[in-house]
Amino acid sequence: MRPAPTILHLDMDAFYASAEQAAKPSLRGKAVVVGGLGPRGVVATASYEARRLGVHSAMPTAQARRLAPNAAYLVPRFSLYRTVSDQVMELLGRLSPLVEPLSLDEAFVDLEAGGTADDSASARATGEGLRAAIRAVTGLSGSVGLAGSKMLAKIASEEAKPDGLLVIEPGTERELLAPMSVRILPGVGPATGDHLRRAGMTTVHDLAEAGEAELVRLVGKAHGHGLFRMALGLDDRPVVAERDAKSVSVEDTFDVDLHDRARVRAEVERLAVRCVERLRAADRSGRTVVLKVRRYDFSTLTRSETLRGPTDDPTVVREAAGRLLESVDTTGGVRLLGVGVTGLADYTQEDLFAQAADARELAQRALEHPAPTEGGEEEAVPEAGADTAEQLAARRWPAGHDVHHEEHGHGWVQGSGIGRVTVRFEEPWSAPGRVLTFRIDDPLLRPADPLPLVRESPDYSSWPASLPKSRSSGAGSSEGGESSP
């Protein structure tokens, strides 16, 4: 534990949904749900307006539609989210060399290592400056937690949501944690939480009062020891700048179970190509190929094959995944397939074994079965003759994705079906735009790249040089536990 709240945790507010609202003026202040829109789709993020109606992440989209039938349901645009995430992470990198990203919209920052804070006042000023910078550069809001440990900083940012800042002063940790649910602690999921509840422990105070010996008896030595320390507010984990990925994988969930063995094989080969594309984008190679198959009855099987050395060759990965598929019975139907590579390395071992196909042949396969555009649950290549007009339109014109019309300009897809696509023409900095409908094969309409959320981003090249950095700065309040909206 540190004597000053110099560990910062940033969590962007309802990130995907907020980005969509910022990009689409007609959706601001309205319920927005981002996720897979098929029969088996799952909510990735819901706006706060949708959350008030009971919609939350990981909920089946079908259930969300029942709770919020009038919400806007959009397919994710990961290219936009990555661009905004890069802008946010660049700002965090200006605060400290020790930035630990947890996802596109969440990260820890060691302010002490960057010399941008060494007490409560300077930490608060840095946090407020960061929130202002993020809003100016991206148009979005983020919540900030500041504390003497990673665990408490993350708890603080959660308590500060939405669009707030909370400082937990060293020495106030136990008082703050005491009334909170045991589920607030890292590693306490539904199963552990239910086990503790049956033992009469529902709050963090209950855990601290029970003592380490009782917690060890209930949940085991390793978990019990850590749980007791967390209940006391103790956490010595450092902020780690490099979080090395242990695996690279891709998977698809299919709206209709696959029964044709040739179709299943073709999907596995397509996933292998996409997996290697991600592997190469990360400048990595891998030694073990993993196949994941979820069958019609929700049983999930995994198979793996370890190669002689690391590779990033798509032919090798494709053929290894194909061999793994041969050991899996798919006759009852397949609802999900995944291909991954583990045992990552920074180099490639050439000539692992005779590579049966030339790379050009694999590239041709990729052209014949192209990966879908990024966004949410990615859709599978359909069986011949199985597509309806609605399915074709949904794949070409995903709801929420950007389009450009030669006469009407930039817009986004509101919906499609029965050979038509409906588009709202507006830009992030315009007023809500008008809605027009076109044929799905209109030659004047084409998919487009996302526009920036802020038309003219301010220059933050010298930031955060102006922020106070010492105890003598006198900036901000040092009162612990105060939240600022």
Task: Basic-acidic side-chain contact under 4.0 Å: Lys150, Glu100 - done: yes

- [ ] Keeping the roles fixed (side chain from Tyr16, backbone from Pro76), state whether a donor-acceptor pair exists under 3.5 Å.
- [x] no

Open item on the list: Are His195 and Val219 packed together at the side-chain level, in the sense that at least one heavy-atom pair is separated by less than 4.5 angstrom?
Closed with: yes

Open item on the list: Applying side chain to side chain contact (heavy atoms under 4.5 Å, CB included) to Leu146 and Leu166, what does each step give before you reach the verdict?
Closed with: CA-CA 6 Å; Leu146 291 153; Leu166 178 65; over 6 Å; no

Open item on the list: Distance alone, cut at 3.5 Å: any donor-acceptor contact between the side chains of Glu158 and His9?
Closed with: no

Task: Side chain proximity check, Leu67 to Met59, heavy atoms < 4.5 angstrom - done: yes

TODO: Please state whether the rings of Tyr81 and Phe78 are parallel, tilted or perpendicular, taking 30° and 60° as the class boundaries.
DONE: perpendicular

Task: Residues Glu20, Arg77; criterion salt bridge (Lys or Arg N to Asp or Glu O under 4.0 Å); working and verdict - done: CA-CA 9 Å; Glu20 296 297 346; Arg77 296 185 296 160; 3.0 Å; yes

- [ ] Check whether any side-chain N or O of Ser85 sits under 3.5 Å from a backbone N or O of Leu104 as a donor-acceptor pair, and report yes or no.
- [x] yes

- [ ] Might you work through the side-chain hydrogen bond (donor to acceptor under 3.5 Å, both in side chains) test for Arg434 and His408, ending with a clear yes or no?
- [x] CA-CA 10 Å; Arg434 62 176 178 166; His408 304 290; 2.9 Å; yes

TODO: Run the numbers on Leu74 and Trp412 for side chain to side chain contact (heavy atoms under 4.5 Å, CB included), then give the verdict.
DONE: CA-CA 10 Å; Leu74 309 176; Trp412 59 276; 4.1 Å; yes

Task: Straight-line distance of Arg263 CZ to Leu337 CG, nearest 0.5 Å - done: 9.5 Å

Task: Nearest atoms (heavy-atom pairs only) where Ser249 meets Gly340 - done: CB-CA, 3.6 Å

- [ ] Say whether Thr203 and Asp206, considering side chains only, have a donor N or O and an acceptor N or O under 3.5 Å apart.
- [x] yes

Task: Pairwise side-chain contact, Leu152 with Leu177, heavy-atom cut-off 4.5 Å (strictly under) - done: yes

TODO: Sorted by first residue and then second, give each salt bridge (Lys or Arg N to Asp or Glu O under 4.0 Å) pair with at least one member in residues 177-204; sequence neighbours left out.
DONE: Asp194-Arg197, Asp194-Arg198

TODO: Looking only at non-hydrogen atoms, find the nearest pair between Val239 and Val109 and report the distance.
DONE: CG2-C, 4.4 Å

Task: Separation between CG of Asp235 and CE of Met151, rounded to the nearest 0.5 Å - done: 5.5 Å

TODO: Start with the C-alpha gap between Arg335 and Tyr296, add the side-chain angles, then the distance that decides, and say whether side chain to side chain contact (heavy atoms under 4.5 Å, CB included) holds.
DONE: CA-CA 6 Å; Arg335 60 185 292 121; Tyr296 69 99; over 6 Å; no

Open item on the list: For Gly36, is there any backbone N or O sitting under 3.5 Å from a side-chain donor or acceptor partner on Thr61?
Closed with: yes

- [ ] Report yes if some heavy atom in the side chain of Val289 is under 4.5 Å from a heavy atom in the side chain of Leu324; otherwise report no.
- [x] yes

Task: Pair Ser157, Asp11: side-chain N/O donor-acceptor within cut-off below 3.5 Å - done: no

Task: From Thr253 atom OG1 to Leu336 atom CG, the distance as rounded to the nearest 0.5 Å - done: 4.0 Å

TODO: For the pair Lys24 (side chain) and Arg424 (backbone), establish whether a donor and an acceptor sit closer than 3.5 Å, ignoring hydrogens and angles.
DONE: no

- [ ] Determine whether Val75 and His401 make a side-chain contact, defined as any pair of heavy atoms from C-beta on separated by less than 4.5 Å.
- [x] yes

TODO: Provide the closest heavy-atom pair for Ala241 versus Pro101 in the form atom of the first, atom of the second, distance.
DONE: O-CD, 4.3 Å

TODO: Using the salt bridge (Lys or Arg N to Asp or Glu O under 4.0 Å) rule, take Glu277 and Arg274 through it: C-alpha gap first, then chi angles, then the decisive distance, then the call.
DONE: CA-CA 5 Å; Glu277 288 174 351; Arg274 287 171 45 209; 6.0 Å; no

Open item on the list: Using the rule given for salt bridge (Lys or Arg N to Asp or Glu O under 4.0 Å), can you reason through Arg323 versus Glu326, listing the C-alpha separation, both sets of side-chain angles and the distance that settles it, and then say yes or no?
Closed with: CA-CA 5 Å; Arg323 287 191 297 273; Glu326 295 304 316; over 6 Å; no

- [ ] Give the intermediate values and the outcome of salt bridge (Lys or Arg N to Asp or Glu O under 4.0 Å) for residues Glu49 and Lys30.
- [x] CA-CA 6 Å; Glu49 295 84 357; Lys30 299 180 179 179; over 6 Å; no

Task: Distance, nearest 0.5 Å, that separates CG of Leu185 from CD1 of Ile155 - done: 6.0 Å

Open item on the list: Going by salt bridge (Lys or Arg N to Asp or Glu O under 4.0 Å), name the pairs with one or both residues in residues 436-445, residues two or more places apart or in two chains.
Closed with: Arg439-Asp441

- [ ] Could you tell me which non-hydrogen atom of Val43 sits nearest to which non-hydrogen atom of Ala64, and how far apart they are?
- [x] CG2-CB, 3.9 Å

Task: Nearest-0.5 Å distance, CD1 of residue Ile7 to CD1 of residue Ile168 - done: 11.5 Å

Task: Pair Asp13, Ser141: side-chain N/O donor-acceptor within cut-off below 3.5 Å - done: yes

- [ ] Verify the neighbour count for atom CD of Glu175: are there more than 12 heavy atoms of other residues, nucleotides or ligands below 6.0 Å?
- [x] no

TODO: Go through the steps for Leu218 and Val216 under the test side chain to side chain contact (heavy atoms under 4.5 Å, CB included), then give the verdict.
DONE: CA-CA 5 Å; Leu218 284 172; Val216 168; over 6 Å; no

Task: Inter-residue atom distance Asp260.CG - Glu267.CD, 0.5 Å rounding - done: 10.5 Å

Open item on the list: Does any part of the side chain of Trp429, heavy atoms only, come nearer than 4.5 Å to the side chain of Leu451, both counted from C-beta?
Closed with: yes

TODO: Could you tell me whether the side chains of Thr422 and Thr437 share a donor-acceptor contact shorter than 3.5 Å?
DONE: yes

Task: Side-chain H-bond candidate by donor/acceptor type, Arg446 with His405, under 3.5 Å - done: no

Task: Asp163 bridged to Arg135 by N-O distance under 4.0 Å - done: yes

Open item on the list: Applying the side chain to side chain contact (heavy atoms under 4.5 Å, CB included) criterion to Val421, which one of Leu445, Val403, Leu436 satisfies it?
Closed with: Leu445

Open item on the list: Any donor-acceptor pair under 3.5 Å linking the side-chain atoms of Glu426 with those of Ser26?
Closed with: yes

Task: Single hit among Arg294, Arg40, Arg295 for side chain to side chain donor-acceptor pair (under 3.5 Å) with Asp257 - done: Arg40

Task: Heavy-atom side-chain contact between Glu427 and Pro25 under 4.5 Å - done: no

- [ ] For the pair His410 (side chain) and Pro450 (backbone), establish whether a donor and an acceptor sit closer than 3.5 Å, ignoring hydrogens and angles.
- [x] no

Open item on the list: Donor-acceptor check, side chain of Ser57 to backbone of Ala44, threshold 3.5 angstrom: yes or no?
Closed with: yes

Open item on the list: I'd like to know if the side chain of Arg28 reaches the main chain of Gln21, judged simply by a donor and an acceptor atom lying under 3.5 Å from each other, with no hydrogens or angles considered.
Closed with: yes

Open item on the list: Are the side chains of Leu207 and Leu196 in contact, using a 4.5 Å heavy-atom criterion?
Closed with: yes

Task: Sidechain-backbone polar pair: Trp397 side chain, Ile440 backbone, donor-acceptor under 3.5 Å - done: yes

